[in-house]
Amino acid sequence: DANAELVQACAARCIERLEAAIAQGEAAGLQSELTAPREVLEGLRRDARIADARAGLEAALQARTVGQLGAAIDEGEACGLHEDELMSAAKNALKLEEKREALQSAVSRKESEEELQRAVEEARAAGLEEAELSDAMRAIEELRQEAARRRLHAAIGSSSVPELEEAIEEARRVGLEEAEVSSACRELELANARLKIKRKLREAIDVGSLE
């Protein structure tokens, strides 16, 4: 009978069987007899959702993609797993993967040293290993070298001794080859020679004016 099946289905704690038993009881016109089974069914569904949420968190921790981790965390929070160890691990992993993605994006754009440096600092703070920062550090070095080359070319064009000296010092500091610095060094020698000639001319003019 419908009532007996309800009792057995509750004892079995099988969602599908209990759903069928409740449907059978409703068809048989049962009312108050369905209250407890419905509460049991609600609890079973809640437990099943929590179990699925935990499984989703475990799978997301294996996959370690931002999208899957975010979705799993949302579902875990909806199920009330706020203080669960898996939730904590997933949130940490999500933060790490977000910083990893941001770092990779900054490296691919390579727009500015400041952006890359900020991405590196945030990734390091999030827990990325130094080996994973190598591409970004190399990109920063390349940007610094490119800036040093531009500064060298500008200094050569200006023929300014202070600018040449500073540009040469910067170029060597960021690791440019001496072959790239040599033209600026030659220009510095010429600029110093011109200054020396100008000083001698000025001194000669000054001596002549005194006579």
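Counting from 1, the numbers follow the sequence of the chain as shown. Excluded from the calculations below are hydrogen atoms, water molecules and symmetry mates; all remaining heavy atoms, backbone and side chain alike, are included.
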>> Strictly distance-based, threshold 3.5 Å: is any side-chain N or O of S105 a donor or acceptor partner for the main-chain N or O of A102?
In response: no
> How many angstroms lie between CG in L164 and OG in S183, if you round to the nearest 0.5 Å?
Replying inline: 9.5 Å
For residues 29-37, tabulate all N or O donor-acceptor pairs below 3.5 Å that involve a side-chain atom, not counting sequence neighbours.
from: E33; atom 1: OE1; to: Q31; atom 2: N; distance (Å): 3.2
from: T35; atom 1: OG1; to: S32; atom 2: O; distance (Å): 3.4

> If you group Ile, Leu, Val, Met, Phe, Trp and Tyr by side-chain heavy-atom gaps below 4.5 Å, do I50 and L44 land in one group?
Replying inline: no
> Can you list the residues that meet the side chain to side chain donor-acceptor pair (under 3.5 Å) rule with R149, with sequence neighbours excluded?
Replying inline: E180
>> If you compare all heavy atoms of A53 against all heavy atoms of G76, which two are closest, and at what distance to 0.1 Å?
In response: CB-CA, 4.2 Å
> Cluster question for you: counting only ILVMFWY and a side-chain heavy-atom cut-off of under 4.5 Å, with indirect links fine, are I168 and L195 together?
Replying inline: yes
> Taking only residues two or more places apart in sequence or in another chain, which ones pass side chain to side chain donor-acceptor pair (under 3.5 Å) with E165?
Replying inline: none
>> Rounded at 0.5 Å granularity, tell me how far CG in L116 sits from CG in D135.
In response: 10.5 Å
> What is the distance from atom CG of L18 to atom CZ of R45, rounded to the nearest 0.5 Å?
Replying inline: 8.5 Å
> Is the shortest distance from a Lys or Arg side-chain nitrogen in E170 or R173 to a carboxylate oxygen in the other one below 4.0 Å?
Replying inline: yes
Extract all donor-acceptor atom pairs below 3.5 Å that involve side chains of residues 184-191 and protein atoms in other chains or at least two apart in sequence.
from: E187; atom 1: OE2; to: S159; atom 2: OG; distance (Å): 2.9
from: E187; atom 1: OE2; to: R194; atom 2: NH2; distance (Å): 2.9

> Going by the side-chain hydrogen bond (donor to acceptor under 3.5 Å, both in side chains) test, which pairs reach into residues 63-78, not counting sequence neighbours?
Replying inline: R49-E75, R64-E97, E77-K91
> Sequence neighbours excluded, which residues qualify as side chain to side chain donor-acceptor pair (under 3.5 Å) partners of E101?
Replying inline: none
> Taking only residues two or more places apart in sequence or in another chain, which ones pass side chain to side chain donor-acceptor pair (under 3.5 Å) with R17?
Replying inline: E5, Q8
> Quick one: CG on L176 to OG on S182, what's the gap to the nearest 0.5 Å?
Replying inline: 11.0 Å
>> Run the side-chain contact (heavy atoms from CB on, under 4.5 Å) test against A90 and tell me which residues pass, sequence neighbours left out.
In response: L57, L61, L69, I73
> Which pairs count as salt bridge (charged side-chain N to carboxylate O under 4.0 Å, His left out) when at least one residue sits in residues 20-30, sequence neighbours excluded?
Replying inline: E26-R38
>> Return the CG to CZ distance between L152 and R172, rounded to the nearest 0.5 Å.
In response: 9.5 Å
> Applying side-chain hydrogen bond (donor to acceptor under 3.5 Å, both in side chains), which residue pairs with at least one partner in residues 50-59 are found, sequence neighbours left out?
Replying inline: R54-D84
>> Nearest 0.5 angstrom please: I197 CD1 to R202 CZ, how far?
In response: 12.5 Å
Anything under 3.5 Å between a donor and an acceptor, one on a side chain of residues 119-130, the other on a protein residue two or more places apart or in another chain? List them.
from: E122; atom 1: OE1; to: K99; atom 2: NZ; distance (Å): 3.4
from: R124; atom 1: NE; to: E130; atom 2: OE2; distance (Å): 2.7
from: R124; atom 1: NH2; to: E130; atom 2: OE1; distance (Å): 3.2

Name the atoms and distances for all side-chain donor-acceptor pairs under 3.5 Å in residues 139-148, with sequence neighbours left out.
from: E142; atom 1: OE1; to: K110; atom 2: NZ; distance (Å): 2.8
from: R144; atom 1: NE; to: E113; atom 2: OE2; distance (Å): 2.7
from: R144; atom 1: NH2; to: E113; atom 2: OE2; distance (Å): 3.0
from: Q145; atom 1: NE2; to: V174; atom 2: O; distance (Å): 3.0

> Of all heavy-atom pairs between A72 and A60, which one has the smallest distance, and what is that distance?
Replying inline: CB-CB, 3.9 Å
